[in-house]
Structure formats: structure tokens, C-alpha cells
Amino acid sequence: MKVIRLREGKERSLLRRHPWVFAGSIAKGQADAGETVRVESDDGKFLAWAAFSPSSQIRVRAWTFDESERVDHAFFKRRIGAAVALRRRMAVESDGVRLIHGEADGLPGLVVDRYGDLLSAQFLSAGTERFKSTIADVLLQATGCTRLYERSDSGVRALEGLEPVTGWLRGEGNTEVTIREHGWQLTLDVQEGHKTGFYLDQRDNRARLADWVRRFGCKRVLNCYSYTGGFSVAALAGGAEQVVSVDSSAPALARATAHVALNGHDPARHQALDADVNGYLREALKSGERFDAIVLDPPKFAPTAAHAERAARAYKDINRLGLKLLAPGGLLLTFSCSGGIGAELFHKIVAGAAMDAQVDGAILARLEGAPDHPTTLMFPEGEYLKGLAVLKQ
């Protein structure tokens, strides 16, 4: 077994059971991509068994902090079994569920979503790539599914020195799936959809929007960066008389329109606009449009903290425009999925947008990802999705 020795004082993160070790913390030691290594402090004490990644700045990702545990088939059977059992306890109101959430489930670099009887997985690290076949077999055994589609096409793989890979890993067949969510039906394509096929992390926030639209009597709702219209269906279910979905993807908007009909809503109550959101917001403001509720759920503006300043300007601008477009007493649901933007900073950005818009707002709720996308005490970086529900004053 190859040994990675850390510099003096660099063992603190592993002692806190944080799974990452950066390249600058390593004093000596090398290994092949994904190879399991023994990580030691500068005085030779055991810290973790980990996957080594020679191409990544995150040079080591810990599998386990138990010296007696071996990283083998039985290890993955235990970890995957525990993750699946946790989701059963959560009693998720959908048959679309995040089963494996990377570091939060003790499986760094592995993301697995279940859509009905189909699994969709991303292998995002050198370690998970090395054990891909073992992981695939264990996943099918643990879930009873027979099909597993790989969506390892995230840009994160390039940082690991890995090429993008997509396609059937186990089984074959149609990649279109219909899932149930809070009584609604939503469709997706694991081959073409974003991430593993869909944004399951917003599941509970969609349900909350439906409740708030109903409670506050929101008649006109604007859903920006609408993708396939999950929030639009929720707003209509809450009783909105008109919902406008804005996105720059025509195929996503077509699916949003289909979702409206699939869930029994009058197509006349929904308008799908293929447009740049920022440009649309400016034009809507010029033309005197007003909405009772607005959803701002943009793509990742800041992939890392290094991009935070530029991203902050983009978040501030769309929130300023959104707050101006809201009718008095209107509801704003605004989100950031950027890991480089923390919850405290996001609050400050939205507050700055309110200052520029010359309005104030009462925070109705602080929003986060659904519980099957857990943030653990030892890995706070897992809290990537953060949001605010604000009532304009």
C-alpha cells in the first residue's frame, strides 16, 4: 500500500473528518489515479484510507478514517446500503430521489439519482472511476433496479484528468422517465437532461411555492431560468391564473409546456418564452409588467470562490430587477447553486439588490436543497444550494 505523508500541521482537516486534502498539504508520496493510499501525519500516524488523484488540486479524498477498514466490495456495499436506507427513512414524496450525495454519504465524487426504476450516476473523481464496475453492481443489488445510465459529463472530471463518459453502464432501453412529485407528474430524459436528468434538489421548494401562491393569492407568476417548468407546475397547482416561464432552451420550454398539460392545467394559463432572462427582466420593467410572485433559479454563476465577485454582480442585478418587477407584497424566491457563494454572502447580495431597487423585504424562509441532498456536520461544503423567500414591503 502506497503512503502519502502530510506536511506538519496539515493533518487537522482529516482529524476533523473532513475528507479533502489539497496538493499543497502533501510532503511526499505518489500513486496512480484513483489508487487507494494510506494517509499519514508528518510523524507517521495513520489518518485515513483515501483515493489519490494526481491531476486534481484536491489530491486526496478520504474513503474511511478507520484503519481496520478495507476499501473493497464489502466497503461499497456498506456505504451504499447505508445511503439507500437513509433515504427510506426520509420518506421522500417522490419516486425521483438522490440516493448518493458524494462526500455527505462517505463516497466522495459519486452522485446517484433514482428515477422510478432507473438509476443515473455521475462518477466525478479518480477514486470512483477506479471502482466504477464494483459500484455499479452494488447499486443495482441495493436498489433492485436493473438499469444504470452514466452521466459522467460534468466539467469537474477534467480537473481529475478524466474524459467525459455517458451511456448505459448496466442495462439498456428508453432514457425517458416520468416521475411523481408531490402529486404532480414530471418527465425527464437521463440522456439529455441537466446533471443526471433533473433538479431533484428543488423538490420541496417547488411544493412550498405552491403553498405560498395559494396562501398569498398570487395571480401572476414569473419563473426565470425555468428549465422544464417544475416551479411553473407548482405555481399553477397553487392557483396562479397566469405563469410565464423564461429560459434560453427551446427543448426545455417545450417540456415545460408539456408538463402543464400533463398535470391537467389549462395551457392558456401558461406562457413559455425563449429568451435571455436578464434581457427579459429589463424589457418587462420598461413595459410596466408586474408579477405577484417571481422565481429566480439561475445556473451556477460561481463554480469556485475565485469567481465570487463577478458572480455577486450577476446575482445582484437579476435580484434588483426581480424586486422592481414585483407588485407590493409580492413573493420572491431567489436561489444560488454556486458553491463559491455562501448563504451569508447570498443574503448580503440580495440585501444590496433591495437597496438599489429602493425596497425592503421580509424574509419568509431560508431555503436549501431537499433532505435527500444532505449537508453533514463534517462537510459543510455540501451546502451548495441556498435561497431566500422574501415578501416585498
Side-chain angles (χ1 to χ4, degrees), residues 19 34 36 49-51 61-64 69-92 94-154 156-157 160 162 164-180 188-201 203 369-374 376 379 382:
T36 301
W49 297 113
R61 288 178 168 82
W63 289 122
T64 177
E69 192 169 25
R70 292 293 174 263
V71 182
D72 53 17
H73 185 279
F75 168 84
F76 288 104
K77 185 175 181 179
R78 287 192 300 273
R79 288 289 168 90
I80 291 171
V84 172
L86 176 62
R87 274 55 179 194
R88 290 196 185 109
R89 291 185 65 197
M90 290 176 176
V92 176
S94 176
D95 54 359
V97 182
R98 171 63 53 91
L99 291 181
I100 310 290
H101 194 52
E103 284 81 352
D105 288 300
L107 294 164
L110 179 64
V111 173
V112 183
D113 288 331
R114 177 171 186 163
Y115 301 111
D117 64 353
L118 187 154
L119 300 179
S120 182
Q122 293 181 314
F123 298 84
L124 302 176
S125 64
T128 55
E129 180 71 17
R130 192 178 184 94
F131 285 100
K132 184 186 292 185
S133 181
T134 297
I135 291 169
D137 290 341
V138 173
L139 280 168
L140 296 186
Q141 183 182 20
T143 61
C145 295
T146 58
R147 299 192 300 154
L148 170 59
Y149 196 87
E150 182 175 2
R151 280 296 305 270
S152 300
D153 51 357
S154 168
V156 173
R157 276 178 65 93
E160 294 283 306
L162 301 171
V165 179
T166 62
W168 287 108
L169 194 55
R170 296 288 187 274
E172 59 183 12
N174 191 355
T175 55
E176 287 264 350
V177 186
T178 300
I179 61 170
R180 169 191 52 80
L188 60 109
D189 188 332
V190 296
Q191 181 178 4
E192 303 292 341
H194 291 181
K195 290 186 160 183
T196 66
F198 195 63
Y199 291 102
L200 295 175
D201 51 3
R203 179 194 314 109
D372 53 337
H373 298 63
T376 64
F379 189 70

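It should be emphasised that the depicted structure is a prediction, and the values quoted were computed from it without experimental measurement.
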Which atom names give the shortest non-hydrogen contact between [X] and [Y], and what distance separates them?
X    : Y    : answer
F123 : S152 : N-OG, 3.0 Å
A51  : G34  : CB-O, 4.3 Å
A83  : L99  : CB-O, 3.4 Å
L188 : G197 : CB-O, 3.6 Å
E160 : L124 : CG-O, 3.4 Å
D372 : H101 : O-CB, 4.4 Å

[X] side chain to [Y] main-chain N or O, any donor-acceptor pair under 3.5 Å?
X    : Y    : result
Y115 : F198 : yes
R203 : V92  : no
D95  : R180 : yes
R79  : G106 : yes
W49  : T36  : no
R114 : G116 : yes
R70  : F75  : no

Contact between [X] and [Y] at the side-chain level, heavy atoms closer than 4.5 Å - yes or no?
X    : Y    : answer
Y149 : T196 : no
E103 : P108 : yes
L200 : H373 : yes
P371 : R98  : no

- [ ] To the nearest 0.5 angstrom, please state how far the CD1 atom of I135 sits from the CG atom of L148.
- [x]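 Here the interatomic distance stands at 10.5 Å.
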Open item on the list: Please report the interatomic distance CZ(R170) to CG(L140), rounded to the nearest 0.5 Å.
Closed with: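 Between R170 CZ and L140 CG, I get 7.0 Å after rounding to 0.5 Å.
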Task: Set of residues satisfying ring-ring contact (aromatic ring centres under 6.0 Å, His included) with respect to F76, sequence neighbours excluded - done: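 Residues passing ring-ring contact (aromatic ring centres under 6.0 Å, His included) with F76: W63, F131.
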Open item on the list: Would you say S125 and R130 are linked by a side-chain donor-acceptor pair, where the criterion is simply a distance under 3.5 Å?
Closed with: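 R130 vs S125: no donor-acceptor pair found between side chains.
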TODO: Check whether the side chains of S120 and D113 place a donor and an acceptor atom closer than 3.5 Å, and report yes or no.
DONE: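 D113 and S120 do not have a side-chain donor-acceptor pair below 3.5 Å.
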TODO: With side chain to side chain contact (heavy atoms under 4.5 Å, CB included) as the test, would you mind laying out the steps for I100 and I80 before giving the verdict?
DONE: CA-CA 7 Å; I100 310 290; I80 291 171; 4.3 Å; yes
Task: Residue pair Q122, R157: steps toward the side chain to side chain contact (heavy atoms under 4.5 Å, CB included) verdict - done: CA-CA 10 Å; Q122 293 181 314; R157 276 178 65 93; over 6 Å; no
TODO: Output yes when D105 and R87 qualify as a salt bridge under the 4.0 Å nitrogen-oxygen rule, no when they do not.
DONE: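 Salt bridge between D105 and R87, a charged N being under 4.0 Å from a carboxylate O: yes.
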Open item on the list: Apply side chain to side chain contact (heavy atoms under 4.5 Å, CB included) to residues D117 and R147 and explain how you reach the verdict.
Closed with: CA-CA 7 Å; D117 64 353; R147 299 192 300 154; 3.9 Å; yes
Open item on the list: Could you check whether atom NZ of K195 has more than 12 heavy atoms from other residues, nucleotides or ligands sitting under 6.0 Å from it?
Closed with: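 More than 12 within 6.0 Å, yes.
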Open item on the list: If you apply the rule side chain to side chain contact (heavy atoms under 4.5 Å, CB included), what do you find for T166 with Q191, and how did you get there?
Closed with: CA-CA 8 Å; T166 62; Q191 181 178 4; over 6 Å; no
TODO: Could you walk me through whether K132 and E129 pass the salt bridge (charged side-chain N to carboxylate O under 4.0 Å, His left out) test, one step at a time?
DONE: CA-CA 5 Å; K132 184 186 292 185; E129 180 71 17; 3.3 Å; yes
